[in-house]
Amino acid sequence: MPQILWRCSIDAKVDFYNKRFTEVLGRDWRKVIERQDWIEDFHPDDRGWYLERVRETFAAGVELKATVRLRQADGSYRWTALIGRPLLDADGKAIRYYGGTTDIHDEVMAREELQATRAALEASRAEVEFFANSVPHILWRANARGEILSFNARVREVTGIDGNCLREGRRYLEIIHPKDR
């Protein structure tokens, strides 16, 4: 299995890890179970809130879901999706949890890069808009078919008409002298 699998009691005492635990984290799963120090494999910033989530989830007897960073055998941290599901007794009470972790580091990094790119594009767009609205001329942008897509703020100052209104139904032709159309 490419995932780390685990099993624990409802008080979060782990009694099973699969072989993948040692392969990925570089620690002997038997010693981790003996010492119950599995939280040490979590990123320090994830430990507190994760332990609280475990307490709340296990007390309620519901599924545990979390995205956490786990320390790898080389000392780096990678993002993982962790899911734990309760085993219920005949009365519907959680008596044990079974779960696993899946490495999602590449997806998280790609999402963060995409968000950074979007933020940079938005900043760039805002800078271009600021520049366009700062010049003392009417500026406009059109597509390949010659349809006006936008005007700068100067068009309203000169004509008294909002640029969005001018785009509708080619009203921009109204502000051009008939002989110049």
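This chain uses plain numbering: 1 for the first residue, then up along the sequence.
The pair Arg53-Glu56 fails the salt-bridge criterion, with no side-chain N (NZ, NE, NH1 or NH2) lying under 4.0 Å from an Asp/Glu carboxylate O. With respect to Arg125 and Glu129, a salt bridge is recorded, a charged nitrogen being found less than 4.0 Å from a carboxylate O. Using a 4.0 Å cut-off between charged nitrogen and carboxylate oxygen, Lys31 and Glu34 do not count as a salt-bridge pair.
In the hydrophobic clustering of this structure, Val62 does not group with Tyr98; members are Ile, Leu, Val, Met, Phe, Trp, Tyr whose side-chain heavy atoms approach within less than 4.5 Å, directly or through other members. Ile95 and Leu64 fall into different hydrophobic clusters, where Ile, Leu, Val, Met, Phe, Trp and Tyr residues are linked whenever their side-chain heavy atoms come under 4.5 Å apart, directly or through other members. Linking Ile, Leu, Val, Met, Phe, Trp and Tyr whenever their side-chain heavy atoms come within less than 4.5 Å leaves Phe130 and Val135 in two separate clusters. Tracing side-chain contacts under 4.5 Å through hydrophobic residues (I, L, V, M, F, W, Y), one reaches Trp140 starting from Val158; they form part of the same cluster. The hydrophobic cluster containing Met1 does not contain Tyr17, counting ILVMFWY residues as joined when their side-chain heavy atoms lie under 4.5 angstrom apart, directly or transitively.
The CD atom of Gln36 lies 8.0 Å from the CG atom of Asp15; values are rounded to the nearest 0.5 Å. Put simply, CZ on Arg71 and CZ on Phe42 are 11.0 Å apart, with the number rounded to the nearest 0.5 Å. To the nearest 0.5 Å, atoms CD1 (Ile161) and CD1 (Ile175) are separated by 6.5 Å. Separating the CH2 atom in Trp6 from the CH2 atom in Trp38 is a distance of 8.5 Å, to the nearest 0.5 Å. In this structure, CG on Asp41 lies 12.5 Å from CG on Asp46, to the nearest 0.5 angstrom. To the nearest 0.5 Å, atoms CZ (Phe58) and CD1 (Ile10) are separated by 9.0 Å.
Of all the heavy atoms in Asn18 and Leu5, the pair that sits closest is OD1-N, 2.9 Å. The minimum heavy-atom distance between Ala94 and Pro86, with the atom names listed, is CB-CB, 3.9 Å.
When Thr101, Thr102, Val54, Leu70 are each tested for a side chain to side chain contact (heavy atoms under 4.5 Å, CB included) with Leu82, only one passes: Thr101. A side chain to side chain contact (heavy atoms under 4.5 Å, CB included) with Tyr97 holds for exactly one of Ile83, Val14, Leu87, Thr57; it is Thr57.
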Subject >> Trace of the side chain to side chain contact (heavy atoms under 4.5 Å, CB included) decision for Trp79 with Glu107 >> reply: CA-CA 9 Å; Trp79 287 102; Glu107 292 88 350; over 6 Å; no

Original post:
Given the rule in the side chain to side chain contact (heavy atoms under 4.5 Å, CB included) test, do Gln72 and Leu25 qualify, once you have shown the distances and angles that lead to the verdict?
Top reply: CA-CA 4 Å; Gln72 307 297 293; Leu25 305 182; 4.2 Å; yes

**OP:** Carefully, step by step, assess Arg35 and Arg27 under the rule side chain to side chain contact (heavy atoms under 4.5 Å, CB included).
**Re:** CA-CA 12 Å; Arg35 291 189 297 255; Arg27 297 208 305 150; 3.9 Å; yes

**OP:** Using the salt bridge (charged side-chain N to carboxylate O under 4.0 Å, His left out) rule, take Asp28 and Arg30 through it: C-alpha gap first, then chi angles, then the decisive distance, then the call.
**Re:** CA-CA 5 Å; Asp28 184 329; Arg30 291 172 200 89; 3.6 Å; yes

Subject >> side chain to side chain contact (heavy atoms under 4.5 Å, CB included) between Glu40 and Arg47, worked out >> reply: CA-CA 8 Å; Glu40 297 299 316; Arg47 293 174 188 168; 3.9 Å; yes

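Using a distance-only test at 3.5 Å, with no hydrogens or angles considered, no donor-acceptor pair links the side chain of Ser124 to the main chain of Ala120. Proximity of a side-chain donor or acceptor of Thr67 to a complementary backbone N or O of Ala81 within less than 3.5 Å is not detected. Counting only distance, with no hydrogens or angles, the side chain of Arg20 and the backbone of Pro2 share a donor-acceptor pair below 3.5 Å. Asn143 contributes no side-chain N or O that, together with a main-chain N or O of Leu149, makes up a donor-acceptor pair within less than 3.5 Å.
Atom CD of Glu147 is surrounded by more than 12 heavy atoms from other residues, nucleotides or ligands within 6.0 Å. No more than 12 heavy atoms of other residues, nucleotides or ligands sit less than 6.0 Å from atom CD of Glu127. Around the CZ atom of Phe131, the shell of radius 6.0 Å holds no more than 12 heavy atoms that belong to other residues, nucleotides or ligands.
Counting heavy atoms from C-beta outward, Arg78 and Val24 have side chains that stay 4.5 Å or more apart. Between Tyr77 and Val68 the shortest side-chain heavy-atom distance does not fall below 4.5 Å.
Note: Trp29 and Phe16 have tilted aromatic rings, judged against thresholds of 30 and 60 degrees for the angle between ring planes.
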